[in-house]
Amino acid sequence: EPPRHGAHGHERVSWSELFGFIRAHWQVVLTLSIVFGGMNIVTGGIIKWSPAYMSRFFKLNPAEYGLALGLVESIPAIGGLLLAGWTIDRWYASGRKDAHLTYYMWVLILTGPLVFFGLMSDSVALFLAAVGLAKGLTVNFLGIAAAQVQTISPPNMRGRLSGLFFLMVVALLGSTFGALLPAVISEHVLQDSVRIGHAIAITLAIFAPLSVVAILWGRKYVRITVEK
């Protein structure tokens, strides 16, 4: 394993040293927070509101859509994780120290528009296809995020940095704003609770481009941090 930030031992570090590392690498922390925090809000919206949209908009009951929705949310995720791992490993081994963010940037660019139009569609088949594509690629980032945090962390800080990142950025954002933001958009912007699926699409339209911009700005800082 390559050396990280001059730290070869596993001596215990204080919380002040931990937050000092975060302050010193604020550009990296900000980039990862925007990208993975923002897209986890989209993930939360898809998971929490897709069943309601199937009932409200498509007039289906859980017995009719439950199996299909469960399959499109689970099976593509497995394939997406394998594809991400295989691609990122190859890119990283070839010397691309920003492989994780670069891979995810291209995923967002290529799949984001397709998912958006699928979520906006009046076709239940296209909506389910959009959910499957999203779960397989567009919002299938937890493995990527976990690996990226590990690569930028000194060995004796990895546990706490990973815990803080996933608690503050991933878990809290996804659990709170993932449910809240689509509801606010449907109620106060679209003024139609039936169109909650369109609100999910709008949430994606906000955070996917923002994440691409954040990656383009921040991946150079990630490269520098990984190479130290």
Side-chain angles (χ1 to χ4, degrees), residues 1-10 13 18 21-43 74-115 133-171 173-174 207-228:
E1 180 178 330
R4 306 279 190 231
H5 317 286
H8 297 277
H10 293 276
V13 296
L18 178 69
F21 175 84
I22 293 173
R23 286 193 300 272
H25 299 86
W26 67 269
Q27 299 98 329
V28 174
V29 175
L30 179 61
T31 299
L32 300 186
S33 298
I34 292 173
V35 174
F36 299 122
M39 291 310 296
N40 201 46
I41 294 174
V42 180
T43 306
S74 57
I75 294 177
I78 299 171
L81 283 174
L82 294 174
L83 176 63
W86 182 82
T87 305
I88 292 170
D89 280 350
R90 288 174 64 87
W91 288 4
Y92 195 88
S94 70
R96 299 197 64 156
K97 302 306 180 185
D98 59 357
H100 302 77
L101 287 181
T102 299
Y103 170 84
Y104 193 52
M105 179 184 71
W106 283 109
V107 164
L108 292 175
I109 291 172
L110 295 174
T111 69
L114 297 175
V115 173
L133 181 59
K135 293 292 289 182
L137 293 172
T138 317
V139 298
N140 194 358
F141 61 82
L142 287 180
I144 300 171
Q148 185 68 89
V149 172
Q150 295 292 303
T151 61
I152 60 99
S153 305
N156 52 1
M157 294 183 184
R158 285 179 185 163
R160 276 182 285 178
L161 276 175
S162 296
L164 281 174
F165 180 78
F166 279 91
L167 174 63
M168 302 302 297
V169 174
V170 177
L173 281 176
F207 288 106
L210 181 62
S211 296
V212 170
V213 171
I215 292 171
L216 289 171
W217 173 77
R219 61 179 175 172
K220 61 180 177 292
Y221 300 108
V222 171
R223 287 196 300 268
I224 293 169
T225 304
V226 170
E227 290 169 352
K228 283 184 179 179

Practice item. Can you see which heavy atom on Ser162 is nearest to which on Gln150, and at what distance? Key: OG-NE2, 2.8 Å

Review point. CE of Met39 to CG of Asn140: how many Å apart, nearest 0.5 Å?
Key: 11.0 Å

Review point. Between Ile152 and His25, is any pair of side-chain heavy atoms under 4.5 Å apart?
Key: no

**Study point:** Atom of Gly218, atom of Thr31 and distance for their closest heavy-atom approach
**Key:** CA-OG1, 3.2 Å

Review point. At what distance, to the nearest 0.5 angstrom, does OG1 of Thr87 lie from OH of Tyr104?
Key: 14.5 Å

Exercise for review: Over all heavy atoms of both residues, which pair between Leu18 and Leu161 is shortest? Give the atoms and the distance, please.
Suggested key: CD1-CG, 3.6 Å

Point to revise | Separation between CD1 of Ile215 and NE2 of His100, rounded to the nearest 0.5 Å | key: 12.5 Å

Review point. Is the closest side-chain heavy-atom distance between Val139 and Val115 below 4.5 Å?
Key: no

Practice item. List for me each residue that meets ring-ring contact (aromatic ring centres under 6.0 Å, His included) alongside Trp217, sequence neighbours excluded, and say none if there are none. Key: Tyr221

Check your understanding: Less than 4.5 Å apart, any side-chain heavy atom of Ile109 and any of Trp106?
Key -> yes

**Study point:** Closest approach of Ser33 to Val169 (non-hydrogen atoms, all atoms of both residues)
**Key:** OG-CG2, 3.6 Å

Practice item. Identify, with sequence neighbours excluded, every residue that meets side chain to side chain donor-acceptor pair (under 3.5 Å) alongside Thr43. Key: none

Review point. Can you list the residues that meet the side chain to side chain donor-acceptor pair (under 3.5 Å) rule with Thr111, with sequence neighbours excluded?
Key: Thr138

Review point. What's the spacing between Phe141 CZ and Tyr103 OH if we round to 0.5 Å?
Key: 13.5 Å

**Study point:** salt bridge (Lys or Arg N to Asp or Glu O under 4.0 Å) against Arg90, all qualifying residues, sequence neighbours excluded
**Key:** none

Practice item. Could you tell me whether a side-chain N or O of Asp98 sits under 3.5 Å from a main-chain N or O of Arg223, the two making a donor and an acceptor? Key: no

Exercise for review: Enter the distance from Thr151:OG1 to Lys97:NZ here, rounded to the nearest 0.5 Å.
Suggested key: 9.5 Å

Review point. Short question: side chain of Arg96, backbone of Trp91 - any donor-acceptor pair under 3.5 Å?
Key: no

Study note, to complete from the structure: dist Ile78:CD1 -> Leu83:CG (nearest 0.5 Å) comes out at 14.0 Å

Review point. Is Tyr92 close to Val226 at the side-chain level, that is, under 4.5 Å between some pair of heavy atoms?
Key: yes

Study note, to complete from the structure: Contacts of Ala214 meeting side-chain contact (heavy atoms from CB on, under 4.5 Å) (sequence neighbours excluded), chain-then-number -> Ile34, Val35

Study note, to complete from the structure: Residue set satisfying side chain to side chain donor-acceptor pair (under 3.5 Å) with Ser74, at least two apart, ordered chain then number -> none

